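Bear in mind that the values here come from a model prediction, so they are computed numbers and not experimental data. Note: hydrogens, waters and symmetry copies are ignored here, and every other heavy atom, side chains too, is used.
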Amino acid sequence: MTEPSCEIDEASSNVLTRLRGKQVLITGTTGFLGKVVLEKLIRSVPDIGGIHLLIRGNKRHPDARDRFLNEIACSSVFERLRLEDADGFDDFVENRLHCVTGEVTEPRFGLSEKDYTALAGRVDAVINSAASVNFREELDKALAINTLCLNNITAFAQAGGDVPVIQVSTCYVYGKNSGSALEQVVAPAGDDIPRHDDGYYEIDDLVRLLQDKIADVRARYTGKVLERKLVDLGIREANHYGWSDTYTFTKWLGEQLLLKALAGKSLTILRPSIIESALEEPAPGWIEGVKVADAIILAYAREKVTVFPGKRTGVIDVIPVDLVANSIILSLAEALAEPGQHRIYQCCSGGRNPITLGEFIDHLMEEARTNHAAYDQLFYRQPRKPFMAIDQRLFDALISGARLPLSVAGRLLRFIGHTRELTLLKNLDTTRSLATIFGFYTAPDYVFQNDQLLALSERMGLADQALFPVDARRIDWEYYLRKIHLAGLNQYALKERKLYSLKSRRTRQAA
């Protein structure tokens with residue numbers, strides 16, 4: 001793993017120069033990636049003018065500032081900042097971090113016209129990382145947060161003039177296409193959708209059709225049945241047009257909406273692949289929650305899953321969260337300095353530093369075999385069986401062939417207290433559930449490329465390549481997976497968070 005140079009000439013940083021004095025609005029900071037972007041900006045861009053966080057209130061914390069202090073500021077993502085300069089962190093939060101109580105899915109974000117106009121007049125750029133990342137979300141909810149709310153983002157950008165928008169999308173808008181996945185507008189792999197001469201796809205009629213189908217389902221069902229029917233509708237429509245799940249389908253729709261609405265304006269679409277724990281910053285292995293690959297790792301560690309559909313020779317595209325955050329910040333600096341353009345960047349590893357699914361599994365299994373005791377929250381004991389990736393058809397035959405006899409045996413033996421078959425049945429259902437959600441991501445037919453993002457990094461210069469690295473060639477996969485990622489899961493994702501109360505400088509000095 002290549003370490004950054006110890007001597008960095010920050011005065012020659014284009015990013016720091018371009019962000020000096022700027023005001024940035026960020027959505028989605030209650031999420032994993034949003035927190036890392038926020039932490040990096042506070043710590044590494046000390047001269048930024050201000051950061052505005054659009055945060056939806058909830059029942060416990062209806063005010064955005066209150067929710068920030070109780071749910072975001074207490075995150076371990078800020079431990080490095082608090083250790084290195086606690087007073088400076090508090091000063092930034094008190095004076096340059098502005099919390100806005102609002103909802104990205106509502107017109108004017110739910111703000112009064114006066115407050116909305118004032119905010120639009122202050123902000124120089126928008127980073128939109130708000131999203132529903134539930135792969136099997138109800139279609140109406142996914143459409144609202146991943147697609148339709150972007151009408152509100154574009155309206156805000158236009159209200160402030162040509163305010164650059166950095167939209168966090170996903171590499172997996174590539175859907176069921178195959179081959180080399182480039183940084184460009186993606187064509188649907190399924191049913192035709194009309195394409196405009198400017199390159200984007202016309203989705204207005206499709207969105208109206210989806211809304212009509214949603215209304216029809218709502219008219220016929222209620223309660224839990226309605227929720228299930230809306231999930232099924234999302235999957236069915238996504239599959240019909242060439243995507244594996246509702247998340248990637250609605251994120252693709254969102255890209256097309258922005259490309260049309262912001263024609264001639266400043267727009268950068270930043271697509272990460274599978275975002276996992278930090279490579280270096282704010283701390284190696286930092287992660288929050290259980291992500292895509294982690295759900296399968298955790299199920300294997302707990303001996304609930306031993307087989308999974310996947311292509312061992314396929315490139316599984318994983319990218320550390322700090323490289324994604326750096327990509328967003330580079331894109332932000334470029335958009336501020338060179339407005340009026342559309343750009344698409346992919347933050348990924350497959351094109352420059354690929355790792356196959358087989359190699360990924362082998363590294364994790366070897367660490368489990370030789371060092372499982374070091375991860376006390378992840379492994380309760382050394383897994384007794386190997387983890388195998390097998391062909392989808394073989395997997396389907398294995399699951400369907402095993403479930404019926406286990407189900408019958410379980411019912412017969414329940415009365416005599418025998419639980420082994422019941423445990424096997426539960427594990428089988430866990431395997432099938434995980435495969436339904438994540439199976440598409442472990443059998444890729446494409447390799448993501450990011451030549452344009454790397455070219456942006458080069459244009460920014462050596463100082464910014466050190467301060468804001470994005471190149472996946474920095475990753476030593478064996479070391480990252482075995483010593484950084486598993487340790488991060490154990491330390492951060494699977495342990496209770498310690499709450500933190502901000503103190504003012506005066507209070508800390510008095511103490």
Taking the six-membered ring for Trp, are [X] and [Y] ring centroids under 6.0 Å apart?
X    : Y    : value
W286 : F32  : yes
Y201 : W252 : yes
Y116 : F156 : yes

Could you give me the CA-CA distance, side-chain angles and deciding distance for Y446 and F448, then say whether ring pair (Phe, Tyr, Trp, His ring centres under 6.0 Å) is met?
CA-CA 7 Å; Y446 38 71; F448 298 126; 5.1 Å; yes
If the plane angle is over 60° it's perpendicular, under 30° parallel, otherwise tilted; pick one for Y441 and Y172.
perpendicular
With under 30° as parallel and over 60° as perpendicular, where do the rings of W477 and Y480 fit, or are they tilted in between?
perpendicular
Excluding sequence neighbours, so at least two apart, what forms side-chain hydrogen bond (donor to acceptor under 3.5 Å, both in side chains) with D63?
none
Does this structure show an ion pair linking [X] with [Y], if we count only N-O contacts that are shorter than 4.0 Å?
X    : Y    : result
E202 : R195 : no
K311 : D445 : yes
E183 : R271 : no

Would you check if the side chain of T27 reaches a backbone N or O of L54 as a donor-acceptor pair within less than 3.5 Å?
no
Which atom pairs, donor and acceptor, lie under 3.5 Å between side-chain atoms of residues 218-229 and protein residues at least two apart or in another chain?
| unit_1 | atom_1 | unit_2 | atom_2 | d |
| --- | --- | --- | --- | --- |
| R218 | NH2 | D140 | OD2 | 2.5 |
| R220 | NE | D216 | OD2 | 3.3 |
| R220 | NH2 | D216 | OD2 | 3.1 |

Heavy-atom distance under 4.5 Å between the side chains of V36 and V77, does that happen here?
yes
Any chance CZ of R56 has more than 12 other-residue heavy atoms, nucleotides or ligands included, within less than 6.0 Å?
no
